[in-house]
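Report on the following structure.
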2 protein chains.
Amino acid sequence: MAHPRRKPHPRKGDVAMDKAVYDAIRRAMLMGRLLPGTKLGEPALARVLKVSRERARKALHRLVHEGWLEAVPNRGTFVPALTIEEVSEIYDVRTMLETAVVQRLCAEHGPPAAQRLKAHVNEERIAFKNDDRGRLFGLSGEFHVLLAELCGNEQLSKLLRGLLTRSTMHFSLAAPERFQNCAGPHDHADIVKAILARDVKKAAKLMLDHLLGLVEMQSAWQPPPSPVRLEEAFRGIAAVRRPA
Amino acid sequence: MAHPRRKPHPRKGDVAMDKAVYDAIRRAMLMGRLLPGTKLGEPALARVLKVSRERARKALHRLVHEGWLEAVPNRGTFVPALTIEEVSEIYDVRTMLETAVVQRLCAEHGPPAAQRLKAHVNEERIAFKNDDRGRLFGLSGEFHVLLAELCGNEQLSKLLRGLLTRSTMHFSLAAPERFQNCAGPHDHADIVKAILARDVKKAAKLMLDHLLGLVEMQSAWQPPPSPVRLEEAFRGIAAVRRPA
DNA sequence: TTAATTCAGAATGTGCACATTTTTCTGCCA
DNA sequence: TGGCAGAAAAATGTGCACATTCTGAATTAA
């Protein structure tokens with residue numbers, strides 16, 4: 001028996017737990033619980049999420065290199081304060097990619113693609129009627145991912161997904177209560193209509209205006225720089241349970 | 001004096017050493033020393049690069065997250081075998097972005113931008129005349145980054161830089177001796193000429209053909225899947241020296 | 001001979017013990 | 001009261017010691 005002073009090792013299949021920690025932090029950011037400037041200390045995170053410090057550490061490192069957080073050596077990792085200029089640049093890149101996407105979809109799309117587009121717009125309409133703002137917000141983002149996926153380019157989908165989450169981060173950080181203004185279903189419906197009609201110029205123009213509108217909306221206010229208590233930020237979403 | 005059995009801690013400023021290890025591996029890949037399927041074992045890497053296992057570990061994790069390497073849990077990290085389809089998809093995304101880039105540059109560019117473009121093309125011409133293939137290869141990549149930078153969008157530059165390195169990886173992995181074929185300076189010179197003439201349609205068309213040509217060239221052969229000895233791969237570039 | 005099994009060696013994964021650095025606190029003095 | 005120097009506490013960074021898992025060669029059975 002010797003000296004069993006060491007904690008029992010976690011069982012196999014804990015690669016998923018890394019992702020759970022990662023997702024927990026990301027979800028907290030997306031829900032607007034972590035305001036810009038907040039410090040995510042390793043001991044505090046480990047305590048709140050009920051994981052070892054190394055696990056929190058690894059998740060933080062990953063989030064830093066993916067651009068979600070900023071790390072200062074020997075100081076800690078912080079929630080970045082995105083300026084409106086950076087957000088605008090991200091939307092600019094999105095414009096380049098997404099206008100190309102709709103142009104391509106106009107040129108080549110089959111019945112199944114048309115079906116999925118119409119179904120999505122319908123879902124958005126339902127969520128809008130039911131005033132289900134959380135779902136509408138999610139659907140709004142998924143719409144842009146859907147367009148990329150319909151192009152059949154895996155690299156494009158992955159890239160655009162990253163761009164999307166990064167651009168919505170600014171939204172979520174500073175005005176989580178304004179989700180309903182993010183995008184009514186009308187813009188998306190019009191874009192789909194243009195695609196189905198194979199009107200290349202109109203579709204591209206609509207997408208351009210749509211993205212420009214989102215930037216303009218966000219440039220209105222400035223995020224209030226005030227930190228927050230981690231315990232409250234992770235209330236209810238700290239559920240790091242290993243999958244069955 | 002107690003028990004000084006522990007190695008002395010590395011001095012301050014070793015955040016740069018992480019990058020050195022990261023760069024060493026990346027350089028080995030770009031030089032085509034690491035063939036697809038090669039396993040990058042942690043002990044072997046640490047031995048070859050003369051660093052601790054944790055450092056090699058961290059660098060490997062970062063490279064995996066960035067898509068340079070592939071990790072199999074409890075198995076190790078490997079050099080990925082990019083299929084021609086994936087490479088083609090990457091070039092497809094690049095086409096979307098870069099045609100937009102040249103279009104924008106046609107619309108708005110000042111004298112300093114024109115100066116930098118002409119200077120770059122001239123450098124390429126010199127390297128081509130001197131038969132300096134290594135330099136020409138480097139310049140060929142930088143040309144595309146330069147175009148992005150001239151747009152003044154930091155996010156775009158960063159994104160395109162990643163795409164560029166990933167697409168050149170396939171090149172380097174399988175045919176490092178064919179660097180000269182990558183891109184003669186003629187294509188780039190023509191593109192610059194069209195941009196300076198503000199001929200939008202022609203510039204976009206030339207960029208499109210340029211990228212399509214690169215894909216077609218690479219789709220000719222298949223990379224030979226054979227591993228390699230790490231000692232030889234890192235010969236000469238294992239120089240992990242801390243900066244002064 | 002071939003296929004399955006066992007077992008030793010190596011490699012990966014992770015908690016922990018420090019060293020180093022930063023931040024906070026306390027006592028002192030102008 | 002306000003500022004400052006030094007010490008204490010906390011946080012970050014890193015090497016190391018295992019536990020766990022994988023590999024592969026030798027052994028055995030069919």
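Sequence lines set the chain letters: A, B, ... in the order given, protein chains first and strands last, and positions in each chain run from 1.
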In whole angstroms, the gap separating C1' of C:dT23 from CG of A:Asn74 amounts to 12 Å

Sequence neighbours left out, what pairs pass ring-ring contact (aromatic ring centres under 6.0 Å, His included) with at least one residue falling in residues 139-162 of chain B? B:His120-B:Phe143, B:Phe143-B:His188, B:His144-B:His188, B:His144-B:His210

Figure out the CD/P separation between A:Glu54 and D:dA11, and round it to whole Å. 15 Å

What integer distance in Å separates A:Leu45:CG from D:dA10:P? 18 Å

For B:Lys39 versus B:Arg75, what's the shortest heavy-atom pair and its separation? NZ-O, 3.1 Å

Protein-nucleotide distance (B:His61, atom NE2; D:dG13, atom P), rounded to Å: 17 Å

Identify the residue among A:Glu66, A:Glu149, A:Glu142, A:Glu154 that makes a salt bridge (charged side-chain N to carboxylate O under 4.0 Å, His left out) with A:Arg161. A:Glu149

Gap between atoms CZ and C1', on A:Phe78 and C:dT22 respectively (whole Å): 11 Å

CG of A:Asp18 versus P of C:dT12: gap in Å, rounded? 17 Å

Check this one for me: any side-chain N or O of B:Arg55 less than 4.0 Å away from OP1 or OP2 of D:dT14? yes

Does any non-hydrogen side-chain atom of A:Arg94 lie less than 4.5 Å from one of A:Leu164? yes

Answer yes or no: does a side-chain N or O of B:Lys58 lie under 4.0 Å from OP1 or OP2 of D:dT14? yes

Look at A:Arg57 and D:dT12 and indicate whether a side-chain polar atom (N or O) is within less than 4.0 Å of OP1 or OP2. no

Interatomic distance where CZ belongs to B:Arg75 and C1' belongs to C:dT12 [whole Å]: 12 Å

Protein-nucleotide distance (B:Arg53, atom CZ; C:dG13, atom C1'), rounded to Å: 8 Å

Quick check: on DNA chain C, is the nucleotide nearest A:Ser52 upstream (toward 5') of the one nearest A:Pro73, or the reverse? Name the residue that is more 5'. A:Ser52

With a non-hydrogen cut-off below 4.0 angstrom, is A:Glu42 in contact with a base, only sugar-phosphate, or nothing? sugar-phosphate

